[in-house]
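What you see is a predicted model, and the numbers here were worked out from it, not measured in a lab. A, B, ... follow the sequence lines: proteins, then strands. Residue 1 opens every chain.
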Amino acid sequence: MIELEVVNNFENQRRDNWWFAPALMASYLIIFGIYTFWVILFLPRDQAFLHWNTSASGTNYLSPFYSPDIEVFGIKPPTINIFGFLWAVSPAIFVIWGPVGFRATCYYGRKVYYRSFFMSPPACAVDGLKTRKGKYHGEEWSVFKVVHFHRYFFYLAVILVIFHWIETFQAFQFRNSGGGLSYGIGLGTLLSLTDAILLTLYTMTCHSFRNLLGGTNTPGSFRYWLWNKISKINKYHGNFFWYSIVTILVVDVYFRFVAWGTIVDPRWLF
Amino acid sequence: MPEKIDIYSGATLDSKIDLSIQRGSKNSEVKMEKYTVEYDKTEVVLDLVHRVQAEFAPDLAVRWNCKAGKCGSCSAEVNGSPKLMCMTKMSDYTNAKSMEIRPMRTFPLIKDLVTDVSWNFEKNKQIKPFKPPTGVKELTMYQQHVDRIQEYRKCIECFLCQDTCHVLRTHEEFNQYAGPRFMIRLATLEFHPEDQEDRIGEIKNTFGVNMCNITKCCQEVCPEEIHITDNGIIPLKERVADNFYDPLMMAVSWIKRLL
């Protein structure tokens, strides 16, 4: 007979507020997750595509949830009839799996959800949820093996970041009073630019990219130089994870307010 | 009233704290004993444990040696957090009225604050030593490569990372996973540009690198501030992914072998 030892829930002797950081992270990710579902399932797409020639605001902004704009590739999201209810499929559904996959397999992201959601462990020297001895398999278990393919999500993320930059440059375009195209800077442009910079930093500090570059290459070579630089900023990978996941939400909310006309986007045209 | 001075250290004993220390051995009852100890704010936790030993409990067992954070002997759990007692300053607990000190939970208790960490030394023996290239009289390597490995060699073997690692602490997978300390030792060898030993298979199967789910507690508690997870375990996991999961990298290495 196999004896199954039950481990106590959250057994620990810590006297500090060890639960605070995982609770805060879980709270934000739950809010972000609910918002994302709401965005990709229910919100009309034209709120996030503020093309200069069609939108009332005269901006050329694109929410990061819809980046890259799949219509560029000739894909038109269908409208599905579900028992008489017409559901216009959001283009976000076609692209969201890329960034979600990158973050879900990210080495820092894994730390966050293993601690905040799986409670494995919730904090250092704190036992997790009730588990049975011998049932822990780490990252060699079932579908969790997908985390070992993080590098492929990194390759995809690099492509997504390039599109993000293209869209950021497009955000410098506005419709002027004559109805023509002008270049300028709006608050949305600056938000989009901040988001692009943070997403670039988050992507380029990736541990898989660091491994791809090596570390045992000849010092003096470009690969070694880049590995060295990436290694120095790699320690901030977690910071960029959070900064960028916050800016995505801020940018999307701001663009929706501009689309609804609640906020008039302040801008300076050249 | 004249100030009370510690006759050995000269510390001004102007503060008081209730120090609860786990007492008992594997053959006796284990309980927390409370001692009210006077201390100076400039002292460290080990000073207070020594004062308990000098004034109240001469039979208190505690392992220590250098009192400078370099020998890795005085590992314990201060208020539930794995720490070196000699590097835990009382100035970080200025408002605390009480403090709890326990031995490392992951390893078998011998007596009071002393645990049996011999499992680590047995695990260490399983790691194959450095294998230099054959036919080379003198090894040369770049300083930058030495610097990278030097971070791992700062390890003082206090085993706080092993104590806090939930794979060993909670799940007790001592046969499946070697623990963060030995991942760092393996990284030292694996990232040595002149090491000829093929270790990746063992790192995955024998030492169980993928039992680690990178929650980075080992890195948080390391008194030598070694980036155990970021610079040691994750690069090893990536090399395991190169060899066992990534079809593109597997194809590249297969072609390289053919050429």
Side-chain angles (χ1 to χ4, degrees), chain A residues 5 7-8 11-16 18 107-115 118 120-128 131-141 144-152 155 207-208 210-212 214-220 224 227-228 231 234-235 237-238, chain B residues 77-82 96 98-100 102 105-106 141-145 148 160 163-167 169-173 176-177 190-193 204 208-221 227 229-231 233-235 237-242 244-249:
Chain A
E5 186 183 321
V7 178
N8 290 333
E11 188 187 317
N12 74 94
Q13 281 85 37
R14 281 181 64 168
R15 289 176 157 200
D16 53 345
W18 57 265
Y107 282 98
Y108 178 80
R110 276 140 79 177
K111 172 192 164 180
V112 172
Y113 63 73
Y114 282 132
R115 281 201 191 191
F118 291 86
S120 177
C124 303
V126 178
D127 284 340
T131 52
R132 289 178 191 282
K133 196 176 170 186
K135 289 283 178 188
Y136 178 80
H137 300 286
E139 297 194 316
E140 288 280 18
W141 182 62
F144 284 88
K145 284 186 181 175
V146 73
V147 296
H148 302 305
F149 296 92
H150 180 51
R151 56 195 61 189
Y152 287 97
Y155 306 146
H207 292 83
S208 284
R210 200 176 164 217
N211 175 66
L212 191 73
T216 46
N217 301 303
T218 314
Y224 184 84
W227 176 84
N228 199 26
S231 296
N234 170 264
K235 63 180 84 155
H237 190 52
Chain B
E77 296 183 9
V78 179
N79 283 349
S81 296
S98 64
M99 178 182 270
E100 290 177 345
R102 291 180 174 81
R105 197 191 86 175
T106 303
M141 61 193 282
Y142 290 98
Q143 183 60 44
Q144 287 90 333
H145 293 161
R148 185 187 187 192
L160 286 175
D163 178 46
T164 198
C165 175
H166 74 117
V167 183
R169 185 186 180 92
T170 305
H171 304 289
E172 299 177 33
E173 296 286 0
Q176 304 296 317
Y177 185 46
E190 176 63 20
F191 300 145
H192 194 297
K204 179 180 181 285
V209 70
N210 284 335
M211 291 298 275
C212 165
N213 65 349
I214 44 174
T215 38
K216 298 195 184 184
C217 282
C218 49
Q219 192 164 305
E220 268 183 39
V221 300
H227 293 86
T229 324
D230 284 324
N231 291 349
I233 299 177
I234 294 175
K237 273 174 171 273
E238 281 291 307
R239 286 198 179 195
V240 167
D242 285 347
F244 290 93
Y245 293 100
D246 186 348
L248 214 58
M249 290 299 284

So, Asp230(B) versus Tyr107(A): side-chain donor-acceptor pair below 3.5 Å or not?
no
Counting only non-hydrogen atoms closer than 4.5 Å, does Tyr224(A) touch chain B with its backbone (N, CA, C, O), its side chain (CB onward), both, or neither?
side chain
Are any of the side-chain heavy atoms of Arg148(B) and Trp227(A) separated by less than 4.5 Å?
yes
Cut-off 4.5 Å, heavy atoms of chain A, and the answer for Tyr142(B) is side chain
Applying salt bridge (Lys or Arg N to Asp or Glu O under 4.0 Å), can you list everything that pairs with Glu190(B), at least two apart in sequence or on another chain?
Arg239(B)
Contact origin within Asn12(A) toward chain B - heavy atom pairs under 4.5 Å
neither
Side chain, backbone, both or neither: which part of Asn228(A) has a non-hydrogen atom closer than 4.5 Å to chain B?
neither
What do the steps show when you test Val240(B) against His148(A) for side chain to side chain contact (heavy atoms under 4.5 Å, CB included), and what is the final call?
CA-CA 9 Å; Val240(B) 167; His148(A) 302 305; over 6 Å; no
Between Cys124(A) and Glu220(B), the two heavy atoms sitting closest are SG-OE1, 3.3 Å
Here the pair of heavy atoms bringing Pro82(B) nearest to Ala125(A) is CD-CB, 3.8 Å
Select one option (side chain, backbone, both, neither) describing which atoms of Ser231(A) are under 4.5 Å from chain B's heavy atoms.
neither
Would you say that Asn210(B) contacts Lys145(A) through its side chain, given a criterion of any heavy-atom pair below 4.5 Å between the two side chains?
no
When rounded to the nearest 0.5 angstrom, what distance separates OG1 in Thr215(B) from CZ in Phe118(A)?
12.5 Å
State whether the side chain of His145(B) and the backbone N or O of Asn217(A) hold a donor-acceptor pair below 3.5 Å, judged by distance alone.
yes
Return yes if some donor-acceptor pair links the side-chain N/O of Arg210(A) with the main-chain N/O of Pro235(B) below 3.5 Å, else return no.
no
Is a side-chain donor-acceptor pair under 3.5 Å present for Asn213(B) with Arg115(A)?
no
Who among Arg151(A), Lys235(A), Glu140(A), His207(A) has the most heavy-atom pairs with chain B under 4.5 Å?
Arg151(A)
Pick from Ala96(B), Cys165(B), Pro247(B), Cys218(B) with the largest number of heavy-atom pairs that fall under 4.5 Å of chain A:
Pro247(B)
Pick one of side chain, backbone, both or neither for Asp242(B), based on which atoms fall under 4.5 Å of a heavy atom in chain A.
both
So which of Arg15(A), His237(A), Arg110(A), Lys111(A) has the biggest tally of heavy-atom pairs under 4.5 Å with chain B?
Arg15(A)
Side chain, backbone, both or neither: which part of Tyr152(A) has an atom under 4.5 Å from a heavy atom of chain B?
side chain
I'd like to verify something: which residue of Glu238(B), Arg169(B), Met141(B) has the highest number of heavy-atom pairs under 4.5 Å with chain A?
Glu238(B)
Can you find a pair of side-chain heavy atoms, one from Lys237(B) and one from Asn211(A), that are under 4.5 Å apart?
no
Is there a donor-acceptor contact under 3.5 Å from the side chain of Tyr136(A) to the main chain of Met211(B)?
yes
Heavy-atom proximity to chain B below 4.5 Å, by part of Phe149(A):
side chain
